[in-house]
Structures are given as structure tokens and as C-alpha cells.
Amino acid sequence: SACSSKFVVSQMHPIWQEPLAVPGGERQSPIDIAVRRTQFDPRLRPLQMRYDPRTCQQIWNNGYSFIVEYDDTSDRSVLQGGPLEDRFRLCQFHFHWGESNAWGSEHSVDRRLFPAELHVVHWNRDKYNLFEEAVSEDNGLAVIGVFLKVGKRHEGLQKLVDALPAVRHKGSVVEFTKFDPACLLPENTEEYWTYSGSLTTPPLTEAVTWMLMKHHIEVSHDQLAVFRSLLFTSAEEEVQKSMVNNFRVQQPLCGRTVRSSFN
Ligand SMILES: CCCSc1c(F)c(F)c(S(=O)(=O)NC)c(F)c1F
Ligand SMILES: [Zn+2]
């Protein structure tokens with residue numbers, strides 16, 4: 001099965017085309033969350049986010065998504081609690097989305113896909129000195145995932161949406177400051193699912209403790225349309241490709257348990 005071989009070649013990636021051989025392969029992401037099979041763990045504490053909006057620096061189109069990057073050279077924006085034993089520094093957030101509202105998220109809940117998914121990425125500052133080290137270590141990263149539904153306009157997101165045309169092409173960067181990622185989290189962050197997984201983009205390393213929020217946020221159709229106006233391609237390339245469907249195919253659970261912080 002895809003879980004046993006030392007090096008598993010996962011399916012063709014919709015964006016990277018070449019088959020991706022990933023290390024180990026028994027804790028890959030994303031996955032479907034089969035709610036009936038999750039296990040309530042009363043030891044799971046509430047998440048504690050302390051984000052300083054002044055650590056927000058820029059938005060960058062890396063050719064897979066747009067990334068909002070934070071200054072992670074000090075402990076000004078930190079995540080702890082939940083399933084985490086250590087303190088994790090905020091380093092960036094980004095999204096995955098579809099060409100239509102029918103799909104776009106990486107994870108699913110009882111096979112239900114959402115139009116988009118937010119990932120807030122943090123690295124373990126108690127065990128490592130740099131993000132680049134943590135990204136290839138077992139307990140290196142903590143990623144908060146939030147599902148997006150299409151509905152009312154998200155006022156906090158609009159500042160980000162207004163900046164996106166400036167990073168339309170792969171490789172473009174624009175200054176972006178004073179943005180608090182907490183405004184993109186649902187009111188209720190006490191209810192989440194958590195499991196051990198991986199990055200869903202190269203290097204696909206099995207370094208991530210995932211915390212997926214049970215509650216979603218709402219954004220408007222027009223706001224999501226601006227995400228879809230971005231391009232995978234740089235300004236120099238003849239053929240421009242819309243940045244849509246930038247999600248990875250789901251991976252085998254391989255016997256992992258998904259725990260819930262709620263009954
Ligand atoms: C060396 C990677 C650059 S940072 C990054 C990223 F850009 C990204 F897209 C994802 S993801 O796998 O797609 N979502 C959790 C990550 F986990 C990351 F850490
Ligand atoms: Zn992601």
C-alpha cells in the first residue's frame with residue numbers, strides 16, 4: 001500500500017506535474033477528516049495565539065500561492081498550547097483555493113470540500129533556530145488550518161485582497177504591514193482537530209502538527225475572485241496561467257489518529 005514503502009511516489013501533482021517521491025510517506029497531508037473516527041482528547045488545551053501585527057512585512061507570489069510573511073527573528077508573534085509542547089513563532093500565512101466554489105480546500109470534513117483553506121505557518125523556536133531547519137524536522141512546524149466558505153464579505157481580509165493585484169505574477173513582492181492574522185481565525189478557536197502530517201507543497205517534509213479549526217470563516221464571492229486573478233506564471237512567460245486549484249491531492253491516513261479538542 002502507499003503507506004508501507006519507504007519511498008512512496010504520490011499521485012501526479014496537479015501543479016508540479018512530475019511524480020513526487022516523498023520521504024517515508026506514512027504521515028503525508030492533506031487528509032479527509034472522518035469525524036466519526038476522530039478521538040476526543042480531554043488533555044488538549046485551548047490554542048494561545050499572541051500575534052503582533054507590526055511583525056507583518058510583505059506579500060510574495062511564490063508561484064504556488066501568495067504568502068504573507070512575518071518577521072520571525074524574535075518572539076513577538078507566538079503560538080502555544082493546544083497539542084503543542086513547545087512555543088512556535090509565526091512565520092507566514094497563505095491560502096489554497098479552487099477555480100470554482102465547489103472545491104479548493106486541501107483537507108475535507110467527511111469528504112466535504114470547501115472553496116478555500118487558510119494555513120497559518122509557525123516553527124518550533126524552542127528546538128530550532130531557523131524556519132529552514134525546522135521545516136525538515138519531526139516536530140518542526142505547527143500549522144493552523146481554517147476553512148473558508150463563500151458568504152458575507154470578510155472586512156479584515158479586504159486589506160489583503162486590495163494588495164493582491166500588486167503580486168499578480170510569480171516572483172512579485174509588495175510591502176504589506178500591520179496585518180493581524182488573528183482577524184482571519186473564527187471566533188471559536190477552542191474546537192479543532194489535530195494530527196501529525198506534512199507540508200503539502202515541496203519539500204513535503206513530515207514536519208507538521210496540524211490544527212484544523214472546526215468553525216469556518218466567510219469571505220465574499222468577489223474576494224475569492226481576486227485570489228483567482230493571481231497567476232502561477234511570471235510576467236516574462238508568454239502563456240499566463242491562472243493561480244487556481246493550488247491544492248495537493250489527499251493522502252492515505254496510514255493508521256494515524258485524528259484527535260479532537262471537543263466532544
Ligand atoms: C519551504 C516552504 C516555504 S513556507 C510553506 C509554504 F509556502 C507552504 F505553502 C506550506 S503548505 O505545505 O502549502 N501548507 C501548510 C508550508 F507548510 C510552508 F511551510
Ligand atoms: Zn498550505
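Both counts, for ligands and for their atoms, begin at 1 and track the order of listing. Below, all heavy atoms of this structure are taken into account, side chains as well, without hydrogens, waters or symmetry copies.
- A ring-centre distance under 6.0 Å is found for F262 and W193.
- Between F66 and F227, the ring center distance clears the sub-6.0 Å criterion.
- S108 and Q250 are linked by a side-chain donor-acceptor pair at a separation below 3.5 angstrom, with hydrogens and angles left out of the test.
- The salt bridge (Lys or Arg N to Asp or Glu O under 4.0 Å) test applied to R112 returns no partner, not counting sequence neighbours.
- The shortest distance between side-chain heavy atoms of F179 and P53 does not fall below 4.5 Å.
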The test is side chain to side chain donor-acceptor pair (under 3.5 Å); show your working for T257 and Q39 and say whether it passes. CA-CA 7 Å; T257 299; Q39 288 189 9; 4.6 Å; no

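- Between the CG atom in D41 and the OG1 atom in T194 there is a gap of 9.5 Å [rounded to 0.5 Å].
- Under a 4.0 Å N-O distance rule, the pair K178/D52 does not qualify as a salt bridge.
- Take a cut-off of 2.8 Å around the Zn ion (ligand 2): the protein N, O or S atoms inside it are H94 NE2, H96 NE2, H119 ND1.
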Anything under 3.5 Å between an N or O on ligand 1 and a protein N or O? List each pair with its distance, or write none.
| unit_1 | atom_1 | unit_2 | atom_2 | d |
| --- | --- | --- | --- | --- |
| ligand 1 | 12 (O) | T200 | N | 2.6 |
| ligand 1 | 12 (O) | T200 | OG1 | 3.3 |
| ligand 1 | 12 (O) | T201 | N | 3.4 |
| ligand 1 | 13 (O) | H94 | NE2 | 3.4 |
| ligand 1 | 13 (O) | H96 | NE2 | 3.3 |
| ligand 1 | 13 (O) | T200 | OG1 | 3.1 |
| ligand 1 | 13 (O) | T201 | OG1 | 3.3 |
| ligand 1 | 14 (N) | H94 | NE2 | 3.1 |
| ligand 1 | 14 (N) | H119 | ND1 | 3.1 |

Side-chain donor-acceptor distances from residues 80-96 under 3.5 Å, at least two apart:
| unit_1 | atom_1 | unit_2 | atom_2 | d |
| --- | --- | --- | --- | --- |
| Q80 | NE2 | Q48 | OE1 | 3.3 |
| D86 | OD2 | N124 | ND2 | 2.7 |
| D86 | OD2 | K127 | NZ | 2.7 |
| D86 | OD2 | N139 | ND2 | 3.3 |
| R87 | NE | D126 | OD1 | 3.3 |
| R87 | NH2 | D126 | OD1 | 3.0 |
| R89 | NE | S74 | O | 3.1 |
| R89 | NE | D75 | OD1 | 2.6 |
| R89 | NH1 | D72 | O | 3.0 |
| R89 | NH2 | D75 | OD1 | 3.2 |
| Q92 | OE1 | H94 | ND1 | 2.8 |
| H94 | NE2 | H96 | NE2 | 3.1 |
| H94 | NE2 | H119 | ND1 | 3.3 |
| H96 | ND1 | E106 | OE2 | 3.4 |
| H96 | ND1 | N246 | O | 2.7 |
| H96 | NE2 | E106 | OE1 | 3.4 |
| H96 | NE2 | H119 | ND1 | 3.0 |

